[in-house]
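In this text, all values refer to a predicted model and were calculated from it rather than measured experimentally. Naming convention: chains lettered A, B, ... in sequence-line order (proteins, then strands); numbering from 1 in each chain.
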Amino acid sequence: MKIQEILTKSSLEAAPLLLGCYLYRKLPDGILKLKIVETEAYHQDDPASHSFRGMTTRTAPMFEEGGRLYVYFTYGMHYCVNIVVGQKGVGEAVLLRAAEPLEGIEVMFNNRYGPVQGPTLYNLYNQHITDTNVRGLTSHISGITDIKNLANGPAKLTQALGITDTSLSGKMLNGSSIWLEAAKEPLKASDIVASPRIGIKEATQMPWRFYIKDNQFVSKYNKNHDG
DNA sequence: ACCATGATCCGCT
DNA sequence: GCGGATCATGGTT
């Protein structure tokens, strides 16, 4: 299915359709490519959604036509990225919760952990290095050299993309900075799991989180919610 | 006061 | 390794 067609659909339809699609990000250091593996649908009729209480300066992009970004700041330190979908005037979006890094992985490492002197963390990962003194890090060296930890959460994904503010919120996915490409082949329904969303206090039972079954790059909360 | 979170620590297996 | 508790930290309402 064409990306443009997905972006005109409601969030509940679009969220599973975005699984397997590719996310691109153009940065000075190169072009990043990731495969979307986990999403959540939010809608203005849904009390867990930022758009539920109406349009504000922050949430205005959710009410635009599909094909824009909605970026928000949360918990005093994190940013998260949504794909705005549906029709203008309806506040809905799909939260990107996790992705599989495909290209530009070293740039993603630097976006997540900062540039390092000498051998990069990316190279350490590739060499399965056990140097426990890089940047003074010891016990968590295995965590930061794990490629699965680059984008397996909404704020991690945003950080890996090099998004460090809300300046992209409301912008089009137009190919200059960040854009999408359709999945090569549609996922089979049996490859998609629907489950309750993560980290919300309202509508906690609605199965509006979607992820690719058995994918290693989904956020690590599966065991709480898998059926 | 409340968060669509992540990293760390700590006790347990 | 894993699960639960804790905390960092600031925009939004």
Side-chain angles (χ1 to χ4, degrees), chain A residues 10-12 14-16 18-19 36-63 68-86 91-99 101 108-109 111-114 121 130 132 134-170 194-211 216-226:
Chain A
S10 74
S11 57
L12 195 48
L18 284 170
L19 296 177
I36 297 169
V37 303
E38 179 181 345
T39 59
E40 283 179 359
Y42 288 89
H43 188 276
Q44 62 184 24
D45 299 330
D46 159 22
S49 173
H50 291 170
S51 55
F52 181 68
R53 290 166 215 290
M55 184 163 55
T56 65
T57 302
R58 178 177 68 141
T59 63
M62 290 188 75
F63 293 82
R68 293 175 186 266
L69 291 167
Y70 168 51
V71 183
Y72 67 88
F73 177 73
T74 191
Y75 290 105
M77 61 187 84
H78 297 302
Y79 296 89
C80 297
V81 171
N82 291 249
I83 305 297
V84 176
V85 297
E92 55 183 331
V94 175
L95 173 67
L96 300 182
R97 278 200 58 90
M108 293 187 223
F109 267 95
N111 289 343
R112 288 271 288 126
Y113 306 113
L121 293 170
T130 56
T132 56
V134 176
R135 299 179 73 214
L137 299 167
T138 52
S139 62
H140 26 277
I141 188 72
S142 63
I144 67 171
T145 55
D146 187 349
I147 199 168
K148 291 197 294 295
N149 201 32
L150 284 177
N152 61 341
K156 296 182 189 180
L157 167 59
T158 304
Q159 191 177 25
L161 292 174
I163 294 173
T164 58
D165 56 47
T166 59
S167 59
L168 281 175
S169 195
S195 72
R197 294 170 293 178
I198 305 289
I200 55 170
K201 292 251 172 78
E202 302 278 349
T204 56
Q205 303 307 309
M206 306 311 294
W208 294 342
R209 170 189 181 225
F210 303 91
Y211 60 91
Q216 298 293 297
F217 295 86
V218 300
S219 65
K220 61 183 179 180
Y221 303 97
N222 308 316
K223 295 178 181 63
N224 301 336
H225 302 288
D226 283 357

### Query
Side-chain N or O of A:Arg97 less than 4.0 angstrom from OP1 or OP2 on B:dT5?
yes
### Task
Please state how far atom CG in A:Asn82 lies from atom P in B:dT5, giving the value in whole angstrom units.
11 Å
### Query
Relative to the ring of A:Tyr72, is the ring of A:His50 parallel (under 30°), tilted (30 to 60°) or perpendicular (over 60°)?
perpendicular
### Query
Side chains of A:Arg97 and A:Ser219: does their closest heavy-atom pair fall under 4.5 Å?
yes
### Query
For A:His78, which residues count as a side-chain contact (heavy atoms from CB on, under 4.5 Å) partner, sequence neighbours excluded?
A:Thr74, A:Tyr75, A:Ala155
### Task
For A:Arg209 and B:dT5, give me the distance from atom CZ to atom P, rounded to whole Å.
11 Å
### Task
Have a look at A:Ala48 and say if it touches a base, only the backbone sugar-phosphate, or nothing, with a 4.0 Å heavy-atom cut-off.
base
### Spacing between A:Asn149 atom CG and B:dT8 atom C1', to the nearest angstrom
13 Å
#### Entry: For atom OH of A:Tyr79 and atom C1' of B:dC3, their distance in whole Å
15 Å
#### Entry: Results of ring-ring contact (aromatic ring centres under 6.0 Å, His included) for A:Phe217 - residues two or more places apart only
none
### Query
Dot-bracket for DNA chain B, 5' to 3', counting Watson-Crick or G-U wobble pairs under 3.5 Å, with [ ] for crossing pairs and | for inter-strand pairs?
|||.||||||||.
Could you pull out every donor-acceptor pair under 3.5 Å between side chains of residues 199-207 of chain A and any protein atom, sequence neighbours left out?
none

## Note on the structure
Atom CZ of A:Arg197 and atom P of B:dC3 are separated, to the nearest Å, by 13 Å
### Which residues share a ring-ring contact (aromatic ring centres under 6.0 Å, His included) with A:Phe63, sequence neighbours left out
none
### Task
Give one of base, sugar-phosphate or nothing for A:Leu95, where a contact means two heavy atoms less than 4.0 Å apart.
base
### Task
For B:dA4, take OP1 and OP2 only and decide whether either is under 4.0 Å from a side-chain N or O of A:Lys201.
no
### Task
Take atom CD1 of A:Ile198 and atom P of B:dT5, then tell me their distance rounded to the nearest Å.
8 Å
### Message
When you measure from the centre of the six-membered ring of A:Tyr42, is the NZ or CZ of A:Arg197 closer than 6.0 Å and no more than 45° off the axis?
### Response
yes
### Distance in angstrom units between A:His43 NE2 and B:dA4 P, rounded
18 Å
### Query
Just how far, in rounded Å, is P of B:dA4 from CD of A:Glu38?
16 Å
### Summary
Only residue of A:His43, A:Met62, A:Glu40 satisfying side chain to side chain contact (heavy atoms under 4.5 Å, CB included) with A:Ser49 is A:Met62
#### Entry: Summary of protein contacts for nucleotides 7-12 of chain C, nucleotide by nucleotide, where a base hit scores B, a sugar-phosphate-only hit scores S (4.0 Å, heavy atoms)
-BBBSS
### Message
For B:dA7 and A:Arg112 - does any side-chain N or O of the residue sit under 4.0 Å from the phosphate oxygens OP1/OP2?
### Response
yes
### Task
Find out whether A:Val81 and A:Leu157 are in side-chain contact, i.e. whether some heavy atom of one side chain is under 4.5 Å from a heavy atom of the other.
no
